[in-house]
Amino acid sequence: MDNNRHNLISGAAIGLIALPAFGAAKKEAPKEPVKQPNIVYIMTDDHTAQMMSCYDRRYISTPNLDRIAADGVRFTNSFVANSLSGPSRACMLTGKHSHTNGFRSNETDVFDGSQPTFPKYLQKAGYQTAIFGKWHLHTLPTGFDKWEIVPGQGDYYNPQFILESGDTIVRHGYLTNLITDRSLQWLDNERDTTKPFCLLIHHKAIHRNWLADTCDLDLYEDTTFALPGNFYDDYEGRQAAKEQEMSIASAHDMDIAYDCKILIPGQQTRLRQSYENMLSRMDSAQLARWNAHYDPIIADFRKAGLSGDSLTEWKFQRYMRDYAKVVASLDRNVGRVLDYLKEHDMLDNTLVVYTSDQGFYMGEHGWFDKRFMYEESFRTPLVMMLPDGFNAKGDIGQMVQNIDYAPTFLDLAGVEIPADIQGVSIVPLLKGENPADWRDNLYYHFHEYPAEHAVKRHYGVRDSSYKLIHFYNDIDRWELFDLQNDPTEMHNIYGQPGTEEVTRRMMKLLKNAQEQYDDPIRFQYPINVD
Ligand code: SGN
Ligand code: CA
């Protein structure tokens, strides 16, 4: 169980659990790996491992997501390259870092759809490709035989979809159900059953502002979630962390109307109108159900007259409950897809991937949102059910990153991986192999500043023990964390006596990564690393 013990240490920041049911056991009677397996790639938005019970049992239960991990593999060191939606999607499609694929920021970039992506390579290799749901790359999809996407972030209720014809339609219902319905319809009636397929089911859930399906509204109302240990972080020694705008306590950052659903007559808040616009999408039955749920909560809130820490902690509970309700719908819908594949005997020749565009803060450091290279948002959940002949089972502890998905899918399809792809295929890991030369550090670069939530631009490198970050642009700060002794990254030890050697080692890794990936944005290294 050494492997699990290691994972417990490295995952301590997110309460990563060891799963006793998992082990190094291989599937019985190994079979030849399926050639050109189908790929069902389910991705959600802002779903973090803390809120997935196969990773973390502190908060909620996600039985269907856990089925994937229990029958397949759970990656315990899965990371993104740039913790934001559009950038993550571009990294996944291309297998390249943001500076290489050109989509660095949701707010300032558009995706160049003429560049090579894994769906295009798969099409050439004989696959049928389809995507339904969130796309968020500001240009229309290319490389798909069939697509239907929501514009931008999409709406939870009665959402608009953009069709291939260029027309838009509004579908009645709740988005997570609708994306699943559409995907199952394609699987059932529309695809060419003589070809292998790659189906991307990409959800808006669990994105802000966490609007639950009406049937899930009552869930978790009796649950009181424990505050993370560093909820009242003072950000000492971490200037960029001090200056962010993603704090649960702040009335500006977490809006009482938009985020917490508290509408008080005559009370204007920064985002109240946006929430009212969302409510105006609901039909009368949906709205009646909604108000029946939130009206008593609003009344109790007004009676309580909270302020200071009690108000902040009340906001935390609302945030956790609403987020958890949205996860419940997502988990149920993933279950529908798994049931479909099982009932149609497709699990033997299908790779099922479940991941998110990045992790998220559930009150750690006092935050919601993502963006930082700190563990909660640098990590992303990743579990897979494997087709026949891929013998890994249980935990996979090697460091993987979202630029690895594209080369992995190409490898599975028998396509030679183009030399300009920066990620690496994880197929050897899926076969249960333990490659001696697997990467032992990862590169990260966040570009979106100035922007919403005010997280400064930064890049950095992480190995299994340390993380080095440089915040730049209108700030010039270095941070170094000892991940073994300070897994929640509260103590910046950069520049402290005794850290010279590890600083030099990490700085050298950073330089190597920036050279290897040819990142044009790099500043002078403050110490000599040659
Ligand atoms: C929206 C949200 C932000 C969020 C970004 C990026 N604001 O702008 O809170 O950080 O998306 O999220 S909201 O008022 O529109 O809800 S991402 O996951 O799509 O990158
Ligand atoms: Ca996201």
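Everything quoted here is computed from the prediction, not taken from an experiment. First listed ligand is number 1; within each ligand, the first listed atom is number 1.
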Engineer: Have a look at Tyr361 and tell me which of Trp367, Tyr323, Phe231 forms a ring-ring contact (aromatic ring centres under 6.0 Å, His included) with it.
Structural biologist: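 Answer after filtering Trp367, Tyr323, Phe231: Trp367.
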Engineer: How far is atom 12 (O) of ligand 1 from the closest protein heavy atom, and which atom is that?
Structural biologist: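 That would be Lys370 NZ, 2.8 Å.
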Engineer: Are Arg371 and ligand 1 in contact, using a heavy-atom cut-off of under 4.0 Å?
Structural biologist: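 Yes, Arg371 has heavy atoms under 4.0 Å from ligand 1.
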Engineer: Among protein heavy atoms, which lies nearest atom 16 (O) of ligand 1, and at what distance?
Structural biologist: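 Protein heavy atom at minimum distance: Tyr258 OH, 2.5 Å.
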Engineer: Provide, to 0.1 Å, the distance between atom 19 (O) of ligand 1 and the closest protein heavy atom, together with that atom's residue and name.
Structural biologist: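 It is Gln153 NE2, 2.9 Å.
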Engineer: Would you say Glu221 has more than 12 foreign heavy atoms packed within less than 6.0 Å of its CD?
Structural biologist: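 Result for CD/Glu221: enclosed.
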Engineer: Among all protein heavy atoms, pick the one closest to atom 9 (O) of ligand 1 and tell me residue, atom and distance.
Structural biologist: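 Scanning the protein heavy atoms, the shortest distance from atom 9 (O) of ligand 1 goes to His453 NE2, 2.7 Å.
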Engineer: Which atoms of the protein, restricted to N, O or S, are nearer than 3.0 Å to the Ca ion (ligand 2)?
Structural biologist: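 The answer, once waters are left aside, is Asp45 OD1, Asp46 OD1, Asp357 OD1, Asp357 OD2, Gln358 OE1.
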Engineer: Tell me which part of Asn209 gets within contact of ligand 1: side chain, backbone, both or neither, using heavy atoms under 4.0 Å.
Structural biologist: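 The answer is neither; Asn209 stays 4.0 Å or more away.
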Engineer: If you measure from each heavy atom of Lys134 to ligand 1, is any distance below 4.0 Å?
Structural biologist: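 Judged by the 4.0 Å heavy-atom criterion, Lys134 does count as contacting ligand 1.
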Engineer: Could you tell me how the ring of His458 sits relative to the ring of Phe446: parallel (under 30°), tilted (30 to 60°) or perpendicular (over 60°)?
Structural biologist: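 His458 and Phe446: tilted rings.
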Engineer: Looking at atom 17 (S) of ligand 1, what's its closest protein heavy atom, distance included?
Structural biologist: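 The protein heavy atom lying closest is Ser85 CB, 3.2 Å.
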Engineer: Against Arg289, only a single residue in Asp218, Asp216, Asp295 fulfils salt bridge (Lys or Arg N to Asp or Glu O under 4.0 Å); can you say which?
Structural biologist: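 Result: among Asp218, Asp216, Asp295, Asp218 is the only option passing the salt bridge (Lys or Arg N to Asp or Glu O under 4.0 Å) with Arg289.
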Engineer: Ignoring hydrogens, just give me the one of Glu452, Arg89, Lys204, Gln358 whose non-hydrogen atom is nearest atom 1 (C) of ligand 1.
Structural biologist: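 Of the listed residues, Glu452 has the closest heavy atom.
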Engineer: Test of understanding: given a 4.0 Å heavy-atom threshold, classify the contact between Arg270 and ligand 1 as side chain, backbone, both, or neither.
Structural biologist: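 Under 4.0 Å from ligand 1, Arg270 contributes no heavy atoms.
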Engineer: Pick from Glu479, Arg238, Glu489, Glu364: which one makes a side chain to side chain donor-acceptor pair (under 3.5 Å) with Tyr374?
Structural biologist: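 Between Tyr374 and the candidates, side chain to side chain donor-acceptor pair (under 3.5 Å) is satisfied uniquely by Glu479.
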Engineer: Check whether Trp186 reaches the backbone of Arg182 with its side chain - one donor and one acceptor, N or O, closer than 3.5 Å.
Structural biologist: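 No: the side chain of Trp186 does not pair with the backbone of Arg182.
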